[in-house]
Colleague: 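Sharing a structure with you now.
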Amino acid sequence: MTKTIQTIKSELRRHVEPGRAENSLRFFQCGPGQYGEGDQFLGIRVPFIRGVVKDFCGLSIADTTALLKSPWHEERLFALLMLVDTFKRADDAARREIFDLYMTHTAWINNWDLVDLSAPHIPGSWLFSRNRNPLFAFAVSESLWERRIAILAAFYFIRNKDFEDVLKIAEILLHDEHDLIHKAVGWMLRETGKRDPATEERFLRAHYRAMPRTMLRYAIEKFPENRRQQYLQGLVD
C-alpha cells in the first residue's frame, strides 16, 4: 500500500459517523440473499467523499485501481468518483485507459449508487461517439450491475438528445426480473420524455402493457394525472 493510499484511507475515516454504517447496510440491502450481500460500510456521507476526491485530484490510475478493489463501499465510491474526475480532464488516450479499466472491473462496481454516479460519465461519455456494442453486451449480462451499467450509461446519450440506443436497451431489459432494473429503465424512459415526450410515448404505447408495474410507474411519474391513470388502467391504444 502506497503512502498516498494510506493517507486517503485515513482522511476518509476522519468523516466516519457513528451508526451510519449500520443504516447503510440496511439501505443498500447487504443482508444474506439481498443484492448488496457482503458489502461493508465505514459510514461516510457522499459529500465528504467528494471533498476528499478534490483534495487528491490527479491520483494515479494504479492507486485509484487499488482503492476500487477495496472491500469498503466508500473507498470504492471514492475510486469511481476519482475516475470520473480524471476522465473529464484527460486526453483520449487516458480516457480509453479509464474506460477499459472500468469495463473490466465491474465486479467492484457492485451497488446501484456506484453504477449511477459513474456509468453515464465514463462508459456513457466514451461510447457516445463510438460503437456501443459493449453496452448491448452488458444488457444481456448475468450480472445485475452490468445490466444497470448498460441502461445508466445511456443517460449520457439522453442528455445529448440521442434516444435510439437507450430505447433499444430498454427493450432488451423489458422483461428483466430485478426491481433495480425496472426502476432504472423507467427512470431513463422518464428522462427521455423530459426531452422528447413523443419519443417516450411511442415506446410506451408499444410496450407498456408488458412492462413490470414499477418500470411503468417510474416512466410515467411526471405525466399529468389523467394520462397516468390511462396507462395504469391499460386504456392507451
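Only this structure's heavy atoms are used, side chains among them; waters, hydrogens and symmetry mates stay out.
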Colleague: Quick check: does any side chain N or O of Arg14 sit under 3.5 Å from a backbone N or O of Ser10, one acting as donor and the other as acceptor?
Modeller: no

Colleague: If we ignore angles and hydrogens, is there a donor and acceptor under 3.5 Å between the side chains of Arg26 and Asn23?
Modeller: yes

Colleague: Once side-chain hydrogen bond (donor to acceptor under 3.5 Å, both in side chains) is applied, do any residues pair with Asn131, and if so which ones, sequence neighbours excluded?
Modeller: Asn133

Colleague: What I want to check is whether the side chains of Glu200 and Thr192 have a donor and an acceptor closer together than 3.5 Å.
Modeller: no

Colleague: Find the distance between NE2 (His207) and CE (Met215) and round it off to the nearest 0.5 Å.
Modeller: 10.5 Å

Colleague: Considering all heavy atoms of both residues, which atom of Pro120 and which atom of Arg159 are nearest to each other, and what is their separation?
Modeller: CB-NH1, 4.0 Å

Colleague: Whether Glu221 and Arg217 form a salt bridge (side-chain N of Lys/Arg under 4.0 Å from carboxylate O of Asp/Glu) is what I want to check.
Modeller: no

Colleague: Show your working on side chain to side chain contact (heavy atoms under 4.5 Å, CB included) between His175 and Met211 and close with a plain yes or no.
Modeller: CA-CA 7 Å; His175 302 293; Met211 279 183 179; over 6 Å; no

Colleague: Tell me if a side-chain donor or acceptor on Gln34 pairs with a main-chain N or O of Gly31 at a distance below 3.5 Å.
Modeller: yes

Colleague: Please check: side-chain N/O of Arg147 versus main-chain N/O of Glu142, any donor-acceptor pairing under 3.5 Å?
Modeller: yes

Colleague: Between Trp126 and Tyr102, is any side-chain donor less than 3.5 angstrom from a side-chain acceptor?
Modeller: no

Colleague: Please determine, by modelled atom types, if Thr199 and Arg202 share a side-chain donor-acceptor pair under 3.5 angstrom.
Modeller: yes

Colleague: Could you pull out the closest heavy-atom pair between Glu191 and Lys194, with the gap in Å?
Modeller: OE2-NZ, 3.0 Å

Colleague: Is it true that Asp92 and Arg96 make a salt bridge, defined as a side-chain N closer than 4.0 Å to a carboxylate O?
Modeller: no

Colleague: Judged by atom type as modelled, is there a donor-acceptor pair below 3.5 Å linking the side chain of Arg228 to the main-chain atoms of Phe223?
Modeller: no

Colleague: Assess whether a salt bridge exists between Glu74 and Arg20, defined as any Lys/Arg side-chain N lying under 4.0 Å from an Asp/Glu carboxylate O.
Modeller: no

Colleague: Can you confirm whether more than 12 heavy atoms, excluding those of Arg89, are under 6.0 Å from its CZ atom?
Modeller: no

Colleague: Honestly, is Arg132 close enough over Phe157, meaning NZ or CZ under 6.0 Å from the six-membered ring centre and within 45° of the axis?
Modeller: yes

Colleague: Start with the C-alpha gap between Trp145 and Tyr35, add the side-chain angles, then the distance that decides, and say whether side-chain hydrogen bond (donor to acceptor under 3.5 Å, both in side chains) holds.
Modeller: CA-CA 10 Å; Trp145 306 118; Tyr35 61 73; over 6 Å; no

Colleague: Check whether Thr106 reaches the backbone of Ile109 with its side chain - one donor and one acceptor, N or O, closer than 3.5 Å.
Modeller: no

Colleague: Are Glu171 and Lys168 ion-paired here, with the side-chain N under 4.0 Å from a carboxylate O?
Modeller: no

Colleague: Tell me whether the NZ or CZ atom of Arg95 lies within the 45° cone about the ring axis of Phe87 and under 6.0 Å from its centre.
Modeller: yes

Colleague: Can the ring centroids of Trp187 and Phe155 be said to lie less than 6.0 angstrom from one another?
Modeller: yes

Colleague: Can Leu12 and Ile49 be said to form a side chain to side chain contact (heavy atoms under 4.5 Å, CB included), step by step?
Modeller: CA-CA 7 Å; Leu12 287 171; Ile49 299 172; 4.3 Å; yes

Colleague: Could you go step by step and tell me if Tyr218 and Leu189 meet the side chain to side chain contact (heavy atoms under 4.5 Å, CB included) rule?
Modeller: CA-CA 8 Å; Tyr218 269 61; Leu189 292 173; over 6 Å; no

Colleague: How about Phe28 and His73: are their ring centres within less than 6.0 Å of each other?
Modeller: yes

Colleague: Can you confirm whether more than 12 heavy atoms, excluding those of Gln233, are under 6.0 Å from its CD atom?
Modeller: yes

Colleague: Drop me the distance from Arg227's CZ to Leu232's CG, to the nearest 0.5 angstrom.
Modeller: 11.5 Å

Colleague: Between Tyr156 (side chain) and Ile122 (backbone), is there a donor-acceptor pair under 3.5 Å?
Modeller: no

Colleague: Please round to the nearest 0.5 Å and tell me the distance separating atom CD of Gln29 and atom OG of Ser24.
Modeller: 13.0 Å

Colleague: Distance from Thr65 atom OG1 to Leu83 atom CG, nearest 0.5 Å?
Modeller: 6.5 Å

Colleague: For the side chain of Arg148 and the backbone of Leu180, is there at least one donor-acceptor N/O pair under 3.5 Å apart?
Modeller: yes

Colleague: Can you list the steps and then say if Leu173 with Ile151 is a side chain to side chain contact (heavy atoms under 4.5 Å, CB included)?
Modeller: CA-CA 9 Å; Leu173 296 172; Ile151 190 66; 3.9 Å; yes

Colleague: Which distance, rounded to the nearest 0.5 Å, do you find between the CD1 of Ile98 and the OG of Ser118?
Modeller: 12.0 Å

Colleague: Could you verify whether a donor N or O on one side chain and an acceptor N or O on the other, from Asn111 and Arg76, lie under 3.5 Å apart?
Modeller: no

Colleague: Within the distance-only criterion (no hydrogens, no angle test), does the side chain of Glu37 pair as donor or acceptor with the backbone N or O of Gly33 below 3.5 angstrom?
Modeller: yes

Colleague: Is any NZ, NE, NH1 or NH2 atom of the basic residue among Asp196 and Lys161 found under 4.0 Å from an Asp or Glu carboxylate oxygen of the other?
Modeller: no

Colleague: Regarding Tyr231 and Glu201, is there a side-chain donor-to-acceptor distance under 3.5 Å anywhere?
Modeller: yes

Colleague: Write down the atom of Pro71, the atom of Asp39, and the distance for their closest heavy-atom approach.
Modeller: O-OD1, 3.8 Å

Colleague: Taking all atoms of both residues into account, what is the closest heavy-atom pair of Tyr208 and Gly234, and its distance?
Modeller: OH-C, 3.1 Å

Colleague: Closest approach of Pro123 and Met103, non-hydrogen atoms and distance?
Modeller: CB-SD, 4.0 Å

